[in-house]
2 protein chains.
Amino acid sequence: MSERDAPGTREKLLMAAFEEIHLHGFQGLRIDRLLEKTGLTKGAFYHHFKSKKALGYAVVDEVIARMIHDLWLEPLQQSADPIDTIGTALSRKTDILGEDFVVLGCPLNNLAQEMSPVDEGFRQKLQTIFEGWVREIGAALAEGQKQGIIRSDIDPAEAALFVVASFEGAFSLAKNAQSVRALEIGERQLLRYLETLRP
Amino acid sequence: MSERDAPGTREKLLMAAFEEIHLHGFQGLRIDRLLEKTGLTKGAFYHHFKSKKALGYAVVDEVIARMIHDLWLEPLQQSADPIDTIGTALSRKTDILGEDFVVLGCPLNNLAQEMSPVDEGFRQKLQTIFEGWVREIGAALAEGQKQGIIRSDIDPAEAALFVVASFEGAFSLAKNAQSVRALEIGERQLLRYLETLRP
DNA sequence: ATACAAACAGACTAGTTGGTCTGTTTAAAG
DNA sequence: CTTTAAACAGACCAACTAGTCTGTTTGTAT
């Protein structure tokens with residue numbers, strides 16, 4: 001148990017920063033509060049991160065990107081039926097994340113809404129994540145078309161974007177209403193839409 | 001042409017504040033920049049508004065609420081076919097508002113995402129607007145059911161929430177992508193969903 | 001004309017916050 | 001055991017910004 005643990009300290013700052021950003025947004029993130037929360041000091045922080053913005057970028061690259069990957073992209077990889085996979089991915093959200101998490105909004109979309117007009121670097125990083133997300137769903141739908149379990153007259157890329165858009169929209173409404181209800185309704189109606197993609 | 005025009009000055013501040021909030025968010029709104037933009041001074045501002053927050057509340061109540069009303073609620077009132085009305089309302093957005101407006105995001109959703117976790121007063125005001133919006137679409141769909149032009153086995157309230165959620169979600173993606181494309185795709189797929197509500 | 005209150009003008013203040021800078025401690029190599 | 005650089009500690013700084021406060025101007029009622 002060494003007192004000095006560079007990778008551990010960095011990770012602690014990253015995770016605490018993710019929580020604080022989820023709670024207050026990036027601009028609402030206070031370095032002092034972060035240090036109080038982690039029990040660290042300015043010296044430690046600025047040793048690991050060049051600036052507050054650099055911390056934000058790291059949260060996007062290392063925390064949020066991985067989260068989307070684990071919850072959405074990974075399950076879609078080995079999937080027989082994309083519609084089923086999306087359906088279970090959707091319904092699992094509320095269970096895994098919990099109501100307290102949900103009413104804070106989607107971390108990806110929160111940051112995108114807040115920072116994309118303010119900082120081009122944030123925007124590009126977040127856009128990359130969105131694009132990858134849509135691309136993978138689109139690919140899964142296209143694969144479904146090949147297998148004949150999805151109608152051939154729909155555009156997989158457009159349908160994929162709609163899935164992400166609807167999900168994020170319902171998440172937004174849930175956040176503002178401070179209730180998971182909107183997200184649940186959104187999921188139900190989104191599944192209804194997805195079923196219309198079957199032959 | 002009087003120099004002193006209280007209602008005019010207030011209106012000028014309101015509209016400029018709306019633009020600045022649309023550009024930078026409420027927390028990114030700078031009073032000094034607002035005054036520079038309007039050619040007014042601190043004295044004028046704090047004569048008309050008790051605080052920055054009071055200005056924000058006024059923008060929500062008087063600018064954003066009216067905007068939703070004019071673009072969504074009004075058209076739905078005298079409407080024979082709600083699905084058609086929603087469809088034209090959707091497609092008109094890009095035309096009326098223009099690309100420059102669209103890539104800044106939906107003013108309502110922007111503010112909701114930013115402020116609902118930060119300030120309960122904002123959250124409640126914005127929630128009231130969202131609820132009214134969903135309620136009116138739901139009422140139009142229910143009326144459509146009565147007339148037999150919409151399936152009776154769907155829940156109008158849930159479908160209405162999904163319409164708003166999808167629209168806002170697509171708007172969000174468009175904002176982050178800095179392109180109207182996502183919004184157009186979202187509209188197209190949303191219309192596809194809406195058509196499945198017909199008998 | 002005069003009084004008076006509303007409508008401003010603008011210098012100044014106080015609190016906040018990201019970032020810096022000097023100095024100290026730990027770990028690991030030689 | 002020394003040495004050296006990474007890993008901290010924490011006081012301090014400088015910039016920014018909402019809000020205040022005193023004073024001035026304008027419209028208007030009497």
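Proteins come first, then strands; the chains are lettered A, B, ... in the order of their sequence lines, and each starts at number 1. Everything numeric here is computed off the predicted structure, so don't read it as measured data.
The separation between B:L40 atom CG and D:dT24 atom P is 21 Å, rounded to whole Å. Rounded to an integer number of Å, the gap from CG of A:D32 to P of C:dG15 is 16 Å. The nearest whole Å value for the distance from the CG atom in A:L29 to the C1' atom in C:dG19 is 14 Å. Rounded to whole Å, the distance from CZ on B:F45 to P on D:dA18 is 9 Å. Protein atom CZ of A:R33 is 14 Å distant from nucleotide atom C1' of C:dG18, rounded to whole Å. What separates CZ of B:R10 from P of C:dC8 is a distance of 12 Å, to the nearest Å. Whole-Å rounding puts the A:Q27 CD to C:dT16 C1' distance at 15 Å. Remark: C1' of D:dT17 and CG of B:L35 are 12 Å apart, rounded to the nearest angstrom.
Residue-level contact check: B:L55 touches neither bases nor backbone, having no heavy atom under 4.0 Å from any strand.
Residues B:L23 and B:V103 are members of separate hydrophobic clusters, defined by side-chain heavy-atom contacts under 4.5 angstrom among Ile, Leu, Val, Met, Phe, Trp and Tyr.
Taking the six-membered ring for Trp and the full ring otherwise, the centers of A:F162 and B:Y193 sit at least 6.0 Å from each other.
Note that NE2 of B:H47 and CG of B:L13 are 11.0 Å apart. Values are rounded to the nearest 0.5 Å.
With C:dA9, C:dG18, D:dA18 as the choices, the nucleotide that has an atom nearest any side-chain atom of B:I31 turns out to be D:dA18. Among the nucleotides D:dA18, D:dA9, C:dG18, the one closest to any side-chain atom of A:K52 is C:dG18. The side chain of A:K42 lies closest to D:dA11 when the candidates are D:dA9, D:dG19, D:dA11. Checking C:dG19, C:dT17, D:dC8 against every side-chain atom of A:H48, the shortest atom distance belongs to D:dC8. Nearest nucleotide to the A:Y46 side chain, out of C:dA9, C:dT20, D:dT20: C:dT20. Distance from the side chain of A:H47 is smallest for D:dA6 among the nucleotides C:dC8, D:dA6, D:dG10.
Note on A:S51: every side-chain N or O is 4.0 Å or more away from OP1 and OP2 of C:dG18.
For the side-chain contact (heavy atoms from CB on, under 4.5 Å) criterion with B:K37, the lone passing option out of B:K12, B:R30, B:E20 is B:E20.
Both A:R30 and B:T41 lie near DNA chain C, and the one whose nearest nucleotide falls closer to the 5' end is B:T41.
Sparse packing is recorded around CZ of B:R181, with 12 or fewer heavy atoms of other residues, nucleotides or ligands lying under 6.0 Å away.
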